[in-house]
Engineer: 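Below: one structure in structure tokens.
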Amino acid sequence: MEHKRVVIVGGGITGLTAAYYLQKEAREKQLPLDVELIEAGDRLGGKIKTVKKEGFIIERGPDSFLERKKSAVRLAEEVGLSDQLVPNGTGQSYILVKGKLHKMPSGSFMGIPTKVGPFVFSRLFTPAGKLRAAMDIIKPAKKVEEDQSLGLFFRRRLGNQVVENLIEPLLSGIYAGDIDELSLSSTFPNFYDLEQEYGSLIKGLRKTRPQQKKSAKSKKTSMFRTFRNGLQSLVDGLEAGLSAESVRKNTKVDHIEKKTEGYHLLLSDGTVEKADAVILSVPQTACERMLSQYEFFKPFRKSEATSVANVAMAFDASAINKDIDGTGFVVSRNSDFRITACTWTHKKWPHSTPEGKVLLRCYVGKPNDQEVVNLSDDELKDIVLKDLNKTMNITKAPEFSVVSRWRNAMPQYTIGHKDQLDKIEAKMRTELPGVYLAGGGFRGIGLPDCIDQGEAAVNHVLNYLFE
Ligand code: FAD
């Protein structure tokens with residue numbers, strides 16, 4: 001069999017997954033295959049970055065992944081890290097609405113109520129707001145052929161109050177975007193399916209989600225996982241599993257040219273790398289820059305990504321006079337706060353914080369407050385402390401802080417995202433056979449979604465080269 005060469009562009013979790021599984025397949029099936037992973041930065045992991053300081057484990061980017069989507073746990077097993085997995089602490093979470101903290105009504109899933117009691121007694125909504133949400137049970141499903149915004153969909157089903165005080169803060173926490181712009185079919189297509197099948201989100205969720213035991217003491221289940229030494233362990237484990245000569249850091253792919261035989265990749269050091277197949281695990285804008293000679297990539301040039309920053313602050317426990325018994329809160333847009341969320345990391349992830357200390361991690365950067373990310377570290381710390389002190393009583397300065405800025409890093413799957421991607425990938429199949437897109441910029445931003453896409457790209461490449 002002829003020897004083949006695959007180049008993976010981008011060494012975030014997606015590219016790493018693809019490189020790892022491709023090399024594994026080549027080894028196990030004795031395929032004549034070389035794999036090269038090319039990363040612009042001086043380290044692998046992309047958005048995954050763990051900082052260890054004075055006994056604290058601080059995540060600059062993602063802090064965990066959903067356990068339910070199995071690919072991340074599977075990958076951890078692959079690289080021998082299963083025994084390092086830790087579940088999140090399952091304390092009370094809160095929503096800050098108009099300056100007041102409210103308990104997240106128990107039994108709500110992504111803000112959609114599934115239990116009557118906690119919802120009826122919640123002070124998050126007026127009686128009219130509750131009645132409007134209950135209409136979801138009788139309001140007929142609406143068949144919508146085209147994509148629609150998350151905001152429109154949820155407002156139609158549950159009314160404005162539930163959206164503004166519960167759903168919006170939760171969803172915009174995940175996507176750092178405007179739910180009235182974000183696409184339903186690219187973010188939560190299952191909610192549309194539930195509506196169509198059960199005629200109601202509440203009924204649909206009650207039928208399909210495992211119900212918790214009735215006992216008031218029944219413990220909430222942990223939905224998230226991380227690693228004892230931070231998410232960086234997964235990156236390090238994957239890197240250790242790759243053959244050293246297959247990884248090239250500090251090298252950017254500037255341009256890709258299709259040749260009669262495969263592809264030529266022009267690299268930032270002036271050299272040319274040849275490939276029979278290419279996996280692009282980089283943001284949309286980077287794909288467009290590398291392949292700008294193809295008109296059909298043009299929509300990627302305009303693709304939007306929002307910016308956020310987070311500030312992790314380490315305190316001595318004695319600095320917090322009025323603590324809150326919980327794992328954190330998200331902030332509704334109608335609150336006069338600049339932070340959008342705060343995690344009591346020492347409670348959500350007790351392993352991250354030494355005994356007797358407290359670790360708070362807060363986000364800033366609403367879609368309409370993007371410039372906040374450009375403020376200095378001191379200004380950001382000041383904003384965060386002022387906002388926190390509206391609900392807590394912090395009496396001492398943090399022992400240290402870690403500020404992380406993520407500029408244009410949160411891809412926005414706006415209405416029509418999936419259709420646009422389908423069209424571009426259809427064009428690629430004819431004009432760029434053997435080139436595949438994978439990663440957070442395309443079909444899911446969560447770490448397991450990125451890992452799934454890395455795995456799918458491996459299958460495409462193997463089918464293309466060897467079937
Ligand atoms: P990236 O990690 O962006 O990697 C792409 C890589 O490509 C980068 O290393 C970049 O340097 C490289 N590159 C770019 N252009 C080129 C080029 N021309 N040549 C060579 N290399 C290039 N997800 C969760 O599941 N849980 C969370 O808690 C969570 N929290 C998040 C918090 C923040 C602040 C952010 C920003 C994201 C969060 N996410 C979370 C989302 C998740 O982290 C990302 O979707 C995921 O890490 C993206 O991985 P990726 O490999 O697709 O891309």
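One-based numbering, in listed order, for ligands and for the atoms of each. The shown structure was predicted, so the numbers you read here are calculated from the model rather than taken from an experiment. What's counted below: heavy atoms across the whole structure, side chains too, no hydrogens, waters or symmetry copies.
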Engineer: Would you say T251 touches ligand 1, if touching means a heavy atom closer than 4.0 Å?
Structural biologist: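 Judged by the 4.0 Å heavy-atom criterion, T251 does count as contacting ligand 1.
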Engineer: Working to the nearest 0.5 Å, report the span between OH of Y94 and SG of C342.
Structural biologist: 12.5 Å
Engineer: With a heavy-atom distance limit of 4.0 Å, tell me whether I38 approaches ligand 1 through its side chain, its backbone, both, or neither.
Structural biologist: backbone
Engineer: Run down the list G440, S64, C450 and name the one with the heavy atom closest to atom 46 (C) of ligand 1.
Structural biologist: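 Going through G440, S64, C450 one by one, C450 has the nearest heavy atom to atom 46 (C) of ligand 1.
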Engineer: Looking at F56, does the NZ or CZ of K357 lie under 6.0 angstrom from its six-membered ring centre and within 45 degrees of the ring axis?
Structural biologist: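 So K357 doesn't make the cation-pi contact.
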Engineer: Are the side chains of Y263 and E257 in touch, meaning some heavy atoms are under 4.5 Å apart?
Structural biologist: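 They are not in contact (no side-chain heavy atoms under 4.5 Å apart), so the answer is no.
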Engineer: Can you find a heavy atom in the side chain of E425 that is under 4.5 Å from one in the side chain of K427?
Structural biologist: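 SC-SC contact between E425 and K427 ruled out.
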Engineer: Is the contact between Y363 and ligand 1 made by the side chain, the backbone, both, or neither, using heavy atoms and a 4.0 Å cut-off?
Structural biologist: side chain
Engineer: Contact between E168 and R333 at the side-chain level, heavy atoms closer than 4.5 Å - yes or no?
Structural biologist: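 In short, these two side chains touch, coming nearer than 4.5 Å.
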Engineer: Can you tell which of P62, G12, A40 gets a heavy atom nearest to atom 29 (C) of ligand 1?
Structural biologist: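 Answer by nearest heavy atom: P62.
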Engineer: Using a 4.0 Å heavy-atom cut-off, which part of R289 comes near ligand 1: side chain, backbone, both, or neither?
Structural biologist: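 Answer for R289: neither.
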Engineer: Nearest heavy atom to atom 50 (P) of ligand 1: which of T17, T306, T14 does it belong to?
Structural biologist: T14
Engineer: Would you kindly specify which portion of S404 sits under 4.0 Å from ligand 1, judged on non-hydrogen atoms: side chain, backbone, both or neither?
Structural biologist: neither
Engineer: Any idea which of R43, M410, K252 brings a heavy atom closest to atom 36 (C) of ligand 1?
Structural biologist: M410
Engineer: Verify the ring-centre separation between W344 and F329: is it less than 6.0 angstrom?
Structural biologist: yes
Engineer: Could you tell me if the side chain of L96 sits less than 4.5 Å from the side chain of T391, heavy atoms only?
Structural biologist: yes
Engineer: Does the residue E59 have a heavy-atom contact with ligand 1, meaning some pair of atoms that are separated by less than 4.0 Å?
Structural biologist: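 So E59 does not count as touching ligand 1.
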Engineer: Geometry only, no angles: is G15 polar-contacting ligand 1 at N/O separations under 3.5 Å?
Structural biologist: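 There is no such contact.
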